[in-house]
There are 2 protein chains.
Amino acid sequence: MYRETKQRKIIEDIIKNTREHPDALWVFQKAQEKTSKISLGTVYRTLELLVREGKINKFYDTSAVARFDSNPNPHHHLICKICGKIIDWHDENLDKRIEEIGKVNKFKDITSEIFIYGICPECQRK
Amino acid sequence: MYRETKQRKIIEDIIKNTREHPDALWVFQKAQEKTSKISLGTVYRTLELLVREGKINKFYDTSAVARFDSNPNPHHHLICKICGKIIDWHDENLDKRIEEIGKVNKFKDITSEIFIYGICPECQRK
DNA sequence: GTCGTTGCAAAGACTTTGCACTCAA
DNA sequence: TTGAGTGCAAAGTCTTTGCAACGAC
């Protein structure tokens with residue numbers, strides 16, 4: 001199915017051997033140091049492939065567009081993976097836990113953004 | 001300082017009177033129904049202004065680019081607001097709490113993405 | 001030889017910005 | 001009057017995609 005190309009090996013190697021959380025451009029530049037013949041398009045394609053294979057993880061959903069929320073108070077979001085519905089959610093315990101994690105890591109001025117994805121009751125019926 | 005323009009009132013009104021979590025285009029289209037003279041640029045500028053004033057909330061960080069993580073196991077991220085450093089974090093209790101919130105809302109196949117922002121120990125010293 | 005992969009460049013999607021004009025104060 | 005705000009279109013950024021050439025199997 002998948003072919004073991006030079007590019008794929010290089011990219012997989014780079015991402016597996018960093019504790020950074022690099023973006024595509026960073027990976028591309030690293031890859032260029034190892035082989036002059038590689039393109040950004042290939043890096044994007046290969047990274048997506050590795051994500052689909054479950055070998056790596058991608059974060060920050062780039063297909064998402066900015067959304068605005070009339071509720072300025074801190075709260076989190078439940079998002080339906082099927083219909084895209086978004087439900088506001090506030091949970092003190094969750095916030096406390098987040099605070100603690102911040103403290104353990106000696107971080108200050110903690111804020112957080114939590115996205116809970118799932119399938120909503122309506123979409124489960126379909 | 002800020003001037004009360006027709007456009008600003010319309011946009012603020014639209015966003016305050018929806019329980020949706022609209023994006024800029026949606027707001028723009030709604031606004032066009034009320035006045036033909038409005039541009040997408042103004043909508044973007046005004047929404048950002050409302051965010052800065054603390055009147056509304058913006059989510060999905062669109063200045064963020066996709067990042068890839070060599071750790072494919074579920075975990076969350078602590079991010080320094082100053083230097084951008086990202087620390088992986090796994091917390092069972094947090095995950096349990098998230099599961100519960102999913103259940104309460106009758107959502108299935110729960111996954112989550114948590115971003116904890118703060119100032120890291122190194123940056124606190126500067 | 002086949003067909004999955006690649007490089008390249010163009011296209012896409014969303015958002016920001018420069019500029020001259022407009023209009024709130 | 002005057003400068004903050006606007007419309008418009010162009011530019012910007014990140015990412016995806018079409019296509020001919022390439023190369024793993």
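Order of the sequence lines sets the chain letters (A, B, ...), proteins ahead of strands, with each chain counted from 1.
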Taking the basic N atoms (NZ, or NE/NH1/NH2) and the acidic carboxylate oxygens, is any pair closer than 4.0 Å for B/Asp13 and B/Lys34? yes
Quick check on the helix from C/dG1-D/dC25 to C/dA25-D/dT1: what's the angle between its two end axes, five base pairs per end, to the nearest 10°? 30°
Starting at NZ of A/Lys37 and ending at P of D/dG23, how long is that distance when rounded to a whole Å? 9 Å
Could you tell me the boundaries of the chain B footprint on DNA chain C, defined by atoms under 4.0 Å from its heavy atoms? C/dC14 to C/dA25
Carboxylate-amine/guanidinium proximity below 4.0 Å for B/Glu100 and B/Arg97: yes
Test side-chain contact (heavy atoms from CB on, under 4.5 Å) applied to A/Lys30 - qualifying residues, sequence neighbours left out: A/Ile14, A/Trp26, A/Glu33
How close or far is atom C1' of D/dA4 from atom CD of B/Glu53, stated in whole angstroms? 13 Å
Can you work out whether B/Ala64 or B/Thr46 has the more 5'-proximal nearest nucleotide on DNA chain D? B/Thr46
Over 60° means perpendicular and under 30° means parallel, so tell me whether B/Phe115 and B/His77 are parallel, tilted or perpendicular. parallel
B/His76 ring center within less than 6.0 Å of B/His90 ring center: no
Minimum heavy-atom distance between A/Gly54 and B/Pro72, given as atom pair plus value: O-CB, 3.3 Å
Check whether any side-chain nitrogen or oxygen of A/Gln7 sits under 4.0 Å from OP1 or OP2 of D/dG23, and answer yes or no. no
Does the side chain of A/Arg3 get closer than 4.0 angstrom to OP1 or OP2 of D/dG23 through an N or O atom? no
Are any of the side-chain nitrogens in B/Arg67 or A/Glu20 under 4.0 Å away from the carboxylate oxygens of its partner? no
Would you find a donor on one side and an acceptor on the other, under 3.5 Å apart, between the side chain of A/Lys55 and the backbone of B/Asn71? no
A/Tyr60 OH - D/dT13 C1' separation (whole Å): 16 Å
Roughly, in whole Å, what's the span from CZ in A/Arg8 to P in D/dG23? 15 Å
Rounded to the Å, how far apart are B/Leu40 CG and D/dA11 C1'? 15 Å
Taking atom C1' of D/dT13 as reference, at what distance in whole Å does atom OH of B/Tyr44 sit? 13 Å
